[in-house]
Each structure stands twice: as structure tokens, then as C-alpha cells.
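When a ligand or atom number is given, it counts from 1 through the structure's own listing order.
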Amino acid sequence: MIYLDNASTTNVDPTVFNEMTPYFTLMYHNASSNYLNAKAVKLKIEESREICAKIINCDASEIVFTSGATESINMALKGYMEENFDKGNHIITCKTEHKAVLKTCEYLETKGIDVTYLDVNKDGAIDLAELESSINSNTALISIMLVNNETGVIHDLKKISEIAQKYNITVFCDATQALGKITVDVQELGIDMLCMSAHKINGPKGIGFLYFKKHIKLSPLLHGGSQENNMRSGTYNTPLIVGLGKACDLASSNLQINQKHSKKLFESIIEKLATLKSIEIIALNTNRVFNIINMRVTGLDASFFVESNKEINVSNGSACTSRIIEGSHVLKAMGFSDIEASECLRISFDKNTTEEELNILYQQLKNVC
Ligand code: PLP
């Protein structure tokens, strides 16, 4: 099968896998223990933390290992609002955020938090004037993703942070689809908290991190054995942490090569798709990453195309929502009707994707257009 669903998850890079394996079988010791083997394991965990910090340009002490982006998002949003109630009870986010953000915000609304869900235009962009005018004296937090998982649209986090700083508001950024695709520098972008998941960058599933700036206070989601400076209790999952570190290492050292590869594939498939009249590329001419393409194919039953496809793994929305019949909340926020959204396909590449594979997709689409 041809795999064109890398925004959903990626395969584990063999180098990452090899780095992890000794920590299942040989170096299995509990990193919180005080004998020599355990200390060696702890040292490796701290090495991974340094690598994670480097990829986003923060201090290693500002990284907490979690089970991935969903947990990090829950920890950032719930933990911040619980610990900083004196700063206000209002969050600003956007209608095209991942469900992990939207559902956490909905939960917080049941606890008395006010949430503003910003609209986007047909290209998926936020109106920064609208963002600024949504701020009130109770606004404590702005939560906007860097790269949208369904469309590849990049939000201008630098400008968003500049607005937030004027009003002394904390910025949380879901960078799950950005790491390894674009440079993510939290100092440069002015981001206070950020999350990611290793499995989006050829690392293992079930691991990621939350970055939060030194001065920020969060209440933890999990209480227990005090690991991670009391921020995330539970025995260290060393193999996954090691895999996360190696995946970040590869993502940062291969960033330029991978970007070049994606751009080449993007330009070549876009040129071909442009010859098919019934295809519209969503948010084509906006600031975007090149590894995600969402397209509307007029008249196509995208669910059927995906589910019956014997050659290609491709998505008709984000994996978390593709089993739900109603159209993608992202596309709907961009102005697509349920029917139009049901005609949309998302393809997403990684470093292993080839032009030949994309040609097979093109031939399939040519047959149905
Ligand atoms: N945020 C974004 C933008 C994502 O694409 C995803 C995964 O699809 C998540 C959050 C959740 O990541 P995980 O399922 O690894 O917790």
C-alpha cells in the first residue's frame, strides 16, 4: 500500500527504533532509583530532554515529557486556567484547532471559563484585528495552533504573540504538525507554552512533550510519585523518551532536506492536479507547509474513495474524526458545506514519499474526475 497519510501518523525511523530497543531489554531500570544503572538511564532521559529543548530553542528545564499532544494540550489549558484564575477566566482559540484543544475548551466552559472561538476566512486564516478585539480584561490565555493538520495552513504566531504581549496574555501553541516541517523557535515566535507528539516525526506513539516557560505556573494533570518535578507523575517510559529524543534529533538535522523534498513533491503534484477541472486545492495560495494537501474533488464520495482504496492509504479528514459522518469542522469553518466537505481528500507526505506514489494517486483521481 502507498502511504499518503503522514499527517495522521508516520512510521518509526529505523534509527529511532534501534536507539530505543536497548531501553526495553537491557537498560530497563527505573530512572528514579539511585543505583548506577538507574542513574545511567536517567542520564539518557536528560539527554533526550536537551535534544527536545534544542529543537524549539528553549531550556531543558522547560520541557515535561507527556504521552503526546493531547495530554500536553489538556495539561496546558486546564493546568493554566486552574493555577492562574487571578489572571482571568477567558480563553481565545480558533474554530479550526484540533479537537484536543476544542474539546478541552468545551470542558473548561462547563467549569465556568469563557471561550471565544475565532472564525477563519476561506483560506483558513485568522483575522488578527478580530483576535485583538476579542481580548478583554479577563483574557488569560490565547491558544492557536502553528500548522493546521487538515489543510497545512500556517498561522502567524509571531504576530499573535505580539498582540498577546501587549495585554500580558499567555500564548499556548499546538505545534504538533509544525515540528520537523518548519523552524519552530519559541523565543523568535514569542510562544509561552507549546506541545508536540513524537509519532508525527517518525518517532514512537504515546510520547511527546509540553514546553512551558520558566515563570509559568501550571497545575499537574497527574499526581503521584513526583516525577518531572511534580508536573507529570508516573514511572519514566525510557524507551519512548529515548525515541522522542532521537526523532527530534533527526527532524532538526534533516529539516532543510525534508522541506526541499516536500516542496518538490508538492509542486509536481499540484501542477498535475491543476489539469483536472473538478479539483480545487484548499488554501493553496496561503502561507502553508508543503507536506499536506487538502483537495475538494467535485462529485467524489471521499469516504468511499478512502475506504475502498486497495492501493493508497489516504484520508478524508483528520483520523480522529474520519469515522464521524458529519463534515470536518475545519473545512466547515472555512465555509464548506457538509456535502462539499464530504468531497474532500487530504494527502500528506513525509521523507519516504516518492513522486511515483503521487503519480498513482493522480491516475486514480483522473479516473474518477
Ligand atoms: N494536535 C494536532 C494538530 C494534531 O494533528 C494531533 C494529531 O492528530 C493532535 C494534536 C493530537 O496528537 P496525539 O493524538 O498524538 O495526542
With heavy atoms of [X] as the reference, note each atom of ligand 1 found under 4.0 Å away.
X    : result
S197 : 12 (O), 13 (P), 15 (O), 16 (O)
K200 : 5 (O), 6 (C), 7 (C), 8 (O)
A69  : 9 (C), 10 (C), 11 (C), 12 (O), 16 (O)
D174 : 1 (N), 2 (C), 3 (C), 10 (C)
H199 : 13 (P), 15 (O)
T70  : 11 (C), 12 (O), 13 (P), 14 (O), 16 (O)

Counting only heavy atoms, which portion of [X] has something under 4.0 Å from ligand 1: side chain, backbone, both, or neither?
X    : value
E71  : neither
M145 : side chain
T176 : side chain

Does K213 pair with D59 as a salt bridge, N-O distance under 4.0 Å? no

So that I can tick it off, tell me whether E47 and K44 are bridged by a salt bridge, with the cut-off set at under 4.0 angstrom between side-chain N and carboxylate O. yes

I293-M334 co-clustered via ILVMFWY side chain contacts under 4.5 Å: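 Per the 4.5 Å side-chain linkage, I293 and M334 are not co-clustered.
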
Counting only nitrogen or oxygen atoms and a 3.5 angstrom limit, does S8 reach ligand 1? no

Scan H199, M20, K246 and name whichever one has a side-chain contact (heavy atoms from CB on, under 4.5 Å) with P204. M20

Going by atom types alone, do H29 and N37 pair a side-chain donor with an acceptor below 3.5 Å? yes

Judged by modelled atom types alone, do S303 and N316 share a side-chain donor-acceptor pair under 3.5 Å? yes

Answer yes or no: does atom CD of Q187 have more than 12 heavy-atom neighbours from other residues, nucleotides or ligands under 6.0 Å? yes

